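Step one of this worksheet: look at the structure below.
Numbers here simply count residues along the sequence, with the first being 1. Each ligand, and each atom within it, is numbered from 1 in the order the structure gives. These numbers were taken from a predicted model, which means no experiment stands behind them.
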Amino acid sequence: MKLYVEKDYEKLSKVAANIVREEIEKNPNIVLGLATGSTPEGMYRELIKMHKGEGLDFSKVTTFNLDEYVGIDEGHPNSYHYFMKEMLFNHINIDFKNTFIPDGKTKDPEKYCKKYDELIEKKGGIDLQILGIGENGHIAFNEPDETLNLGTSIVNLTQSTIEANSRFFDSIDEVPKTAITMGIGTILKAKKIVLLANGKKKAKVIKELLKGEKISTKLPASMLLLHPNVTIIIDQEAYNG
Ligand code: F6R
């Protein structure tokens, strides 16, 4: 596991975007795994700058997002479909046909989830997966529990995640209680993983993860300790609290 501790969020975002840029330049047909939430917003801003200023080319890039709320329309301002368009896709030359985000309104979740994993495989697997981390140690929406799902599946969000995400909604009652998420197995199949975390609120969980001693389904991010190519990029606040 490689660790970069950057001085602040801006630097963290630049370092993360540079990694993505290098990987795209090495392999223009790259398959990227993408996250939503506050953490990667700065990285997406940097990537847009790289596209507009330096011609970073996304025309052959394929993307798979980690997750989406269940029951929310794609056009809803809190949907992850909407987030990705606003934060990245509308501002770069990606072909929308090559962008995949779980469908939170699927009528047949079981079949759909299986298909999502199969599609990732069919596209050659994820080359570089970007992750954030929940205050409770979740990655994607794999919440701490007795067991964790390997494949993409529908999961219940914990109260702590509902509370953390309520900042994006008008009221906590509006936050969906379930989500569709890539499973831990799906994530661990990625060839490279970059996990980002910033701010004091993440310090406790980052400290636990960096101990690097044990894996536990109660700390889903600890599963990353099993992966051979993980880079963790955090800011000083997430490191020291
Ligand atoms: C989002 C996702 C989540 C977030 C995590 C941190 O696609 O998979 O695991 O990465 O909840 O969210 P922020 O970045 O808002 O603190």
### Residue-ligand contact Arg167/ligand 1, heavy atom below 4.0 Å
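Checking ligand 1 against Arg167, which is what was asked, there is a heavy-atom contact under 4.0 Å.
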### Task
Would you please determine whether Glu135 falls within less than 4.0 Å of ligand 1 on a heavy-atom basis?
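In this structure, Glu135 fails to qualify as a contact of ligand 1 - no heavy atom is under 4.0 Å.
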Please answer whether the main-chain N or O of [Y] pairs with a side-chain N or O of [X] as donor and acceptor at a distance below 3.5 Å.
X	Y	result
Asn27	Ile24	no
Asn65	Asp67	no
Asp145	Leu148	no
His91	Tyr44	no

### Message
With a heavy-atom distance limit of 4.0 Å, tell me whether Thr36 approaches ligand 1 through its side chain, its backbone, both, or neither.
### Response
both
### Query
Heavy atom under 4.0 Å from ligand 1: found in Glu68's side chain, backbone, both, or neither?
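Neither part.
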Between [X] and [Y], does any side-chain donor sit less than 3.5 Å from a side-chain acceptor?
X	Y	answer
Asn156	Thr178	no
Glu143	Thr158	yes
Asn165	Tyr69	yes

[atom]: nearest protein contact (heavy atom, Å):
atom	answer
atom 5 (C) of ligand 1	His138 NE2, 3.4 Å
atom 10 (O) of ligand 1	Gly132 CA, 3.3 Å
atom 2 (C) of ligand 1	Asp67 OD2, 3.3 Å
atom 6 (C) of ligand 1	Ile133 O, 3.4 Å
atom 14 (O) of ligand 1	Thr39 OG1, 2.4 Å

For residues 50-57, tabulate all N or O donor-acceptor pairs below 3.5 Å that involve a side-chain atom, not counting sequence neighbours.
from  : atom 1 : to    : atom 2 : distance (Å)
His51 : ND1    : Leu56 : O      : 2.8
Glu54 : OE1    : Arg21 : NH1    : 2.3
Asp57 : OD1    : Ser59 : N      : 2.9
Asp57 : OD1    : Ser59 : OG     : 2.8
Asp57 : OD1    : Asn93 : ND2    : 2.7
Asp57 : OD2    : Ser59 : OG     : 3.1

Please list every donor-acceptor pair under 3.5 Å in which a side-chain atom of residues 194-214 meets a protein atom from a residue at least two apart or in another chain.
from   : atom 1 : to     : atom 2 : distance (Å)
Lys202 : NZ     : Ile133 : O      : 3.0
Glu208 : OE1    : Lys211 : NZ     : 3.3

#### Entry: Subset of ligand 1 atoms that lie under 4.0 Å from at least one heavy atom of Leu66
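Once the distances to Leu66 are compared, the set is 8 (O).
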### Query
Hey, which atoms in ligand 1 end up nearer than 4.0 Å to a heavy atom of Gly37?
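Per the distance check, 14 (O), 15 (O).
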### Task
Kindly confirm or rule out an N or O of Lys202 lying under 3.5 angstrom from an N or O of ligand 1.
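Yes - when backbone and side-chain N and O of Lys202 are compared with those of ligand 1, one distance drops under 3.5 Å.
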### N or O pair under 3.5 Å between Ala140 and ligand 1
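Yes, there is a polar N/O contact under 3.5 Å.
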